[in-house]
Amino acid sequence: MDVINKTTEGGPAKTPVQMKLSALWAALMFLYIYADFFSLYKPGQIEEVMAGRMGPLPVTQDSVLTAAVLMLIPALMVFLSLALKPVVGRWANIILGALYTAVNIGNLVGETWVFYLLFGVVEMALTLLIIGYAWKWRHAEASKEQT
C-alpha cells in the first residue's frame, strides 16, 4: 500500500521518455498500416497491384525488400526505444525520426487524396514529436529512468 501512496502522493506519475517514444513509434506503425490499407480502396489501385506496380515503382525483390526495411525499422523502434542504452536510444530516435519525417514528406509529393494527406500530416507530427522528445531527453534524466 505504501508503494502506491508514494507514487501517487505528488500527483500523477511522470511517464518516462522511453515509454513516450515507444508509444509514438507504435502509433506511427498503426497509421502506416491503415493508410496503406485504405489506399487499396482508391479506384484502380487493386489493378495496379495485380499489374505488379507499387505506386510509381515496379514490384521487384528490391522494391519489396526496401519497403520491408522501411517498415521493419519503426516496428523495431517500438522495442528499441525501451531497450537501448539512453545515449544510443536518444540518437537513434533523433536520426530515425528525421529520416521518417523525410520519408513521410516524400510519400505526400503529388498526393491528391485528402485521407492520405491527413495520414501523412499526422505521421509527420508523430515523427516530429519523436525528434522533440528525444532531443530534450538528457543523459542524466535517461540514466535516472534506467534505474
Side-chain angles (χ1 to χ4, degrees), residues 4 7-8 11-147:
I4 293 172
T7 59
T8 58
K14 204 169 183 193
T15 304
V17 70
Q18 294 105 316
M19 292 295 291
K20 291 176 183 179
L21 292 167
S22 180
L24 286 165
W25 284 110
L28 185 65
M29 288 300 302
F30 281 117
L31 293 178
Y32 284 157
I33 292 166
Y34 277 107
D36 288 345
F37 177 76
F38 292 150
S39 290
L40 294 174
Y41 287 96
K42 291 166 47 175
Q45 189 66 37
I46 297 295
E47 291 77 14
E48 285 279 316
V49 171
M50 291 173 62
R53 305 230 19 106
M54 185 169 36
L57 304 171
V59 174
T60 64
Q61 292 235 17
D62 290 340
S63 64
V64 176
L65 178 62
T66 301
V69 169
L70 275 172
M71 292 301 98
L72 280 172
I73 292 170
L76 291 172
M77 285 305 292
V78 173
F79 170 72
L80 291 175
S81 293
L82 299 169
L84 290 173
K85 291 185 178 195
V87 173
V88 176
R90 180 175 184 253
W91 283 107
N93 277 282
I94 290 169
I95 292 165
L96 293 172
L99 173 68
Y100 279 84
T101 300
V103 167
N104 292 329
I105 290 168
N107 285 341
L108 294 181
V109 172
E111 183 57 55
T112 59
W113 284 73
V114 176
F115 85 91
Y116 204 80
L117 293 169
L118 174 63
F119 272 100
V121 167
V122 175
E123 290 164 4
M124 280 188 285
L126 294 180
T127 56
L128 291 171
L129 281 169
I130 288 168
I131 295 167
Y133 278 117
W135 187 260
K136 292 177 186 175
W137 184 16
R138 298 289 177 235
H139 181 62
E141 177 188 342
S143 296
K144 190 167 91 177
E145 290 174 356
Q146 288 292 317
T147 57

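Remember, predicted model here, so these are calculated numbers, not experimental data. In what follows, every heavy atom counts, from backbone to side chain, and hydrogens, waters and symmetry copies are set aside.
Remark: I130 CD1 to K20 NZ distance equals 13.5 Å, nearest 0.5 Å. Here the CG-CG distance, from L70 to N107, works out to 8.5 Å after rounding to the nearest 0.5 Å. Between M29 atom CE and L24 atom CG the span is 14.0 Å, to the nearest 0.5 Å. Considering CH2 of W113 and CG of L108, their distance stands at 15.5 Å, rounded to 0.5 Å. Interatomic distance, CG of L28 versus CG of N104, reported as 6.5 Å (0.5 Å rounding). L96 CG to L21 CG: the interatomic distance, rounded to the nearest 0.5 Å, is 11.5 Å.
There is no side-chain donor-acceptor pair under 3.5 Å between N93 and W135. Of the N and O atoms on the side chains of T101 and T127, at least one donor lies less than 3.5 Å from an acceptor on the other residue.
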- Check the pair I46 / M50 against side chain to side chain contact (heavy atoms under 4.5 Å, CB included), numbers first and verdict last. CA-CA 6 Å; I46 297 295; M50 291 173 62; 3.8 Å; yes

- Query: Given the rule in the side chain to side chain contact (heavy atoms under 4.5 Å, CB included) test, do E123 and L126 qualify, once you have shown the distances and angles that lead to the verdict?
  - Reply: CA-CA 5 Å; E123 290 164 4; L126 294 180; 5.7 Å; no

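Ring orientation note: the planes of Y32 and Y100 are tilted relative to one another, at an angle of 30° to 60°.
In this structure, the side chain of R90 engages the main chain of W137 through a donor-acceptor pair within 3.5 Å. Looking at S81, its side chain never comes within 3.5 Å of a backbone N or O of Q18 through a donor-acceptor pair. With hydrogens and angles disregarded, no donor-acceptor distance shorter than 3.5 Å links the side chain of S63 to the backbone of L57.
Nearest heavy atoms, A26 versus V78: N-CG2, 3.5 Å. In terms of heavy-atom proximity, A92 sits nearest to L84 at CB-CD1, 4.1 Å.
Within the structure, ring-ring contact (aromatic ring centres under 6.0 Å, His included) pairs that include any residue of residues 40-82 comprise F37-Y41 (at least two apart or interchain).
Checked against ring pair (Phe, Tyr, Trp, His ring centres under 6.0 Å), F115 has no partners two or more places apart in sequence or in another chain.
At most 12 non-hydrogen atoms from other residues, nucleotides or ligands lie less than 6.0 angstrom from CD of Q61. In M19, the CE atom is not crowded: 12 or fewer heavy atoms of neighbouring residues, nucleotides or ligands sit closer than 6.0 Å.
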